[in-house]
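Atoms considered below: every heavy atom in the structure, side chains included; atoms not considered: hydrogens, waters and symmetry mates.
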Amino acid sequence: MRRPALRLLPLCLAMACAARAQEPASAGIPAEWALCPDTSTLPMYRPAADAAGKAGDRAGQPTDVSALALDVSGEQTTVLTGEVELQQSDRWLGTDKLTYEHGSERFHTEGPVRYQDRSMRLGAGRAQGDLARDVVRLEDVQYQFNAQAGNGHADVVELRGDQGTLTGGSYSTCPPAQRQWEFSASRIDVDQESGTGTARNATLRVGGVPVLWLPWVSFPTDDRRRSGLLSPTIGHDDRNGFEYEQPVYLNLAPNYDATLKPRWLSDRGLMLGAEFRYLGGTDARGTLEGTWLPGDDLAGIDRGLVRWRHSDRLSANWSFRADLNHVSDDFYFSDFGGSLRDTTITQLRSTMGLYGRGESWEAELLAERWQVASPIASELQLPYRRLPSARLRWQRPFAEWLELGLDAEAVRFDDELRGGGNRIDLQPYLEMPFGGAAWFATPRLSWRYTAYSIDQSLVPPGGDDSPVRSLPVMSLDMGAFFDRSFEWGGKGLVQTLEPRLYYLYSPYRDQDELPLFDTQPLTFSWPGLFRSNRFAGGDRQGDANQVTAALTTRVLSADDGRELLSLGLGRIHYFEAPRVTVPGAGALSDDGSAWVAEASWSASDRFSLGVAHQWDPDAVRTQLSAVRGQWRFGDRGLVNAAYRYRTDLLEQADLSFVLPVGGNWTLLGRWNYSLLDRRSLEAMGGVEWKSCCVAVRVLGRRYLREFSDEQSTGIYLEIELNGVGSFGRNTERLLDDAILDYSR
């Protein structure tokens, strides 16, 4: 009779599934294992290059079987002996002796069994199975993943089709001899079809000490989304007391999900939070999130926040975006904000609009409103609501040296306390961009026409409720580029010299009777040397008869073009003193602007220094000065230092660092100090202990919660298990905000 073909491949599949069943879904997250010694519990049985083919190409691939001896003397039995190997695509299996009974389709091995593929390798003391019933039993199993350091063992693995049971199983990303953390369970049931596992009598040990025990827990075995608990957040804040947040993820549908975020604040009560995410159509997506704290025990009122963010691509040229925000009270961000940036929010902006873009045009139609979000702000300080605002930008070249364009805007400004009005602002222009490889000259002529229809509450006595402003704006922008090559210190360098002249003319128009809906003076800096208007918004067009002279030089690496050094110096000279101003704006010089200087130096990839300085020759004093430097050393060492000064407004020093101090220890810190007010804005210090598979961070932080003398203190703890997740406060986000390039 014909001998049935060997069916040994299911054994390979069974062993691979058994090992993967123990890998948590998050173990696929890339991790840095450089701090680890060799974490392997098992050697690489075959070089990776020997595993030909891809995992996705396994189906239909032939299986090669080899052994030193093949015994087919039994009518229903095949025995392979001595260096037995089975290979299919990237899968390889080896054992000393394998016996296969064709009639019953049972098999068993004698001696250890070894298995390897692209993702993992395992070893078992013994294997047996019944292929007719699709049952496989493995004993004394050890496994090791190739890409990550995840490894573990199981006393017994039993597989029945897509179902599996592991008895006495464990998992860790730590070396076997340094089990700083380990997850173990007396029994794990796995359903490969649904991609879920159920562990009973599960224990998480950190440093050999049980820190979590669960009589029953369900977990994913692949990357499919599932409902369940996420890592909690734990912390302490002297404004809110002890904090504990336990997120609960809900996988509602393939195109939307939700996360519930109950947060217990010992001094205030239970805050309910939620986030709902959704996808719709081809390019629509959005997030709806909010918090709700009924009856705050300290404030005595209900507190909450609602945010909706949505974007949708309606066509090839048009899209819709919304960013709506509402907060319950002025103190919300100062009480619940997680950073200095959050706690100093004074105004909350909401927008919704249509946005279009084509080959030569851009357009938008939006509505915008603002809300007071700080006790130091008032309704009268809020920007006017735009209900709505329409804007069009059009530019088209008609020849190599001729371009025509138009900036147009129509807005309805509204405010319940101050009144409002309508404004149309049109600015057609003609531009002629002449130039060559080493020079450019761009004359530009535009005409600005602005018309209003103002509510009576904003019309001055005897004034016009429909004022109009009309004037030309002309400019000429010219520059050249020179370069030379030289060597210094044995390295090839290129130095450039880039002079630039910018002439601007705009005649004076009396604009004192025009309302101020959205106009403020722009902060003066290097880009301000080449602006056509010193005001933001459409309510003021600055008069000008001036020329900017600027000179920039750069030193570049001849090998890769990297900028090593840059120096720039420039100033505006007034032929006529500017006269147009707004309330609160500083007085302008009759002669010219401050001198503006900028410099940057990158001595290497590990050191950089930047300087910006403004010198007022009339007042003979510094208007602005900023210095920042960064030094990187070793594998993770980092020091940032900065100084910021602006006349009569601020003077601050900022120092942050990541300092490895030997072994696995690192000191972390940031100090932001106001020299003008003589107080700390934020002071943070902490320590991190990090091994190959565990990281523990403890941070203390004292920071200004709002623009007052009141400060808050927080203590945060995070325990991170590499390859699994973290417990406690998300300190990495906090450190990213405080320390420049912390995660780089």
Undergrad: Suppose we screen for ring-ring contact (aromatic ring centres under 6.0 Å, His included). Which residues come up paired with H573, at least two apart in sequence or across chains?
TA: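 Testing H573 for ring-ring contact (aromatic ring centres under 6.0 Å, His included), a comparison that skips the adjacent residues, returns F575.
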
Undergrad: Who pairs with R263 by salt bridge (charged side-chain N to carboxylate O under 4.0 Å, His left out), at least two apart in sequence or on another chain?
TA: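 With sequence neighbours excluded, R263 shows a salt bridge (charged side-chain N to carboxylate O under 4.0 Å, His left out) to E243, given in chain and number order.
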
Undergrad: Report the residues that fulfil ring-ring contact (aromatic ring centres under 6.0 Å, His included) with F535, sequence neighbours left out, ordered by chain and then residue number.
TA: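 Applying ring-ring contact (aromatic ring centres under 6.0 Å, His included) to F535 gives none.
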
Undergrad: Could I get the full list of salt bridge (charged side-chain N to carboxylate O under 4.0 Å, His left out) partners for D518, not counting sequence neighbours?
TA: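 If we apply the salt bridge (charged side-chain N to carboxylate O under 4.0 Å, His left out) test to D518, skipping adjacent residues, the hits are R386, R423.
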
Undergrad: For R412, check salt bridge (charged side-chain N to carboxylate O under 4.0 Å, His left out) against everything at least two apart and list the hits.
TA: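 Listed in chain order: D414, D455.
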
Undergrad: For W595, check ring-ring contact (aromatic ring centres under 6.0 Å, His included) against everything at least two apart and list the hits.
TA: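 Listed in chain order: nothing, the list is empty.
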
Undergrad: To the closest 0.5 Å, what do you measure between CZ (R418) and OG (S457)?
TA: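 Separation between the atoms: 10.5 Å.
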
Undergrad: According to the ring pair (Phe, Tyr, Trp, His ring centres under 6.0 Å) rule, which pairs have a member within residues 300-328, sequence neighbours left out?
TA: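 Those involving residues 300-328 are Y278-H310, W308-H310, H310-F320, W318-W361.
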
Undergrad: If you measure only the distance, is there a donor-acceptor pair under 3.5 Å linking the side chains of Q541 and R448?
TA: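 Result is yes, a qualifying pair exists.
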
Undergrad: List for me each residue that meets side-chain contact (heavy atoms from CB on, under 4.5 Å) alongside Q456, sequence neighbours excluded, and say none if there are none.
TA: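 Per chain and number, Q456 pairs via side-chain contact (heavy atoms from CB on, under 4.5 Å) with V459, D465.
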
Undergrad: Apply salt bridge (charged side-chain N to carboxylate O under 4.0 Å, His left out) to R509 and list each qualifying residue two or more places apart in sequence or on a separate chain.
TA: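 For R509, no residue satisfies salt bridge (charged side-chain N to carboxylate O under 4.0 Å, His left out) once neighbours in sequence are set aside.
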
Undergrad: Any idea which heavy atoms bring T647 and T622 closest together, and the distance?
TA: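 The answer is OG1-O, 2.8 Å.
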
Undergrad: Which pairs, with at least one residue in residues 525-538 and sequence neighbours excluded, count as a side-chain hydrogen bond (donor to acceptor under 3.5 Å, both in side chains)?
TA: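 For residues 525-538, and leaving out neighbouring residues, the side-chain hydrogen bond (donor to acceptor under 3.5 Å, both in side chains) pairs sorted by first residue read R534-D543.
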
Undergrad: So how far is it from D415 CG to L380 CG, rounded to the nearest 0.5 Å?
TA: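 Rounded to the nearest 0.5 Å, the CG-CG separation comes to 7.5 Å.
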
Undergrad: Please output the side-chain donor-acceptor pairs of residues 581-592 that fall under 3.5 Å, not counting sequence neighbours, one pair per line with the distance.
TA:
residue: S589; atom: OG; partner: D591; partner atom: N; Å: 3.0
residue: S589; atom: OG; partner: G592; partner atom: N; Å: 3.4
residue: S589; atom: OG; partner: G592; partner atom: O; Å: 3.4
residue: S589; atom: OG; partner: D618; partner atom: OD2; Å: 2.1
residue: D591; atom: OD2; partner: R571; partner atom: NH1; Å: 3.4
residue: D591; atom: OD2; partner: R571; partner atom: NH2; Å: 3.1

Undergrad: Going by ring-ring contact (aromatic ring centres under 6.0 Å, His included), name the residues that satisfy it together with Y452, two or more places apart in sequence or in a different chain.
TA: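 Checked Y452 against ring-ring contact (aromatic ring centres under 6.0 Å, His included); zero matches.
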
Undergrad: Does atom CD of E431 have more than 12 heavy-atom neighbours, drawn from other residues, nucleotides or ligands, at distances under 6.0 Å?
TA: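 Check passes, neighbour count above 12.
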
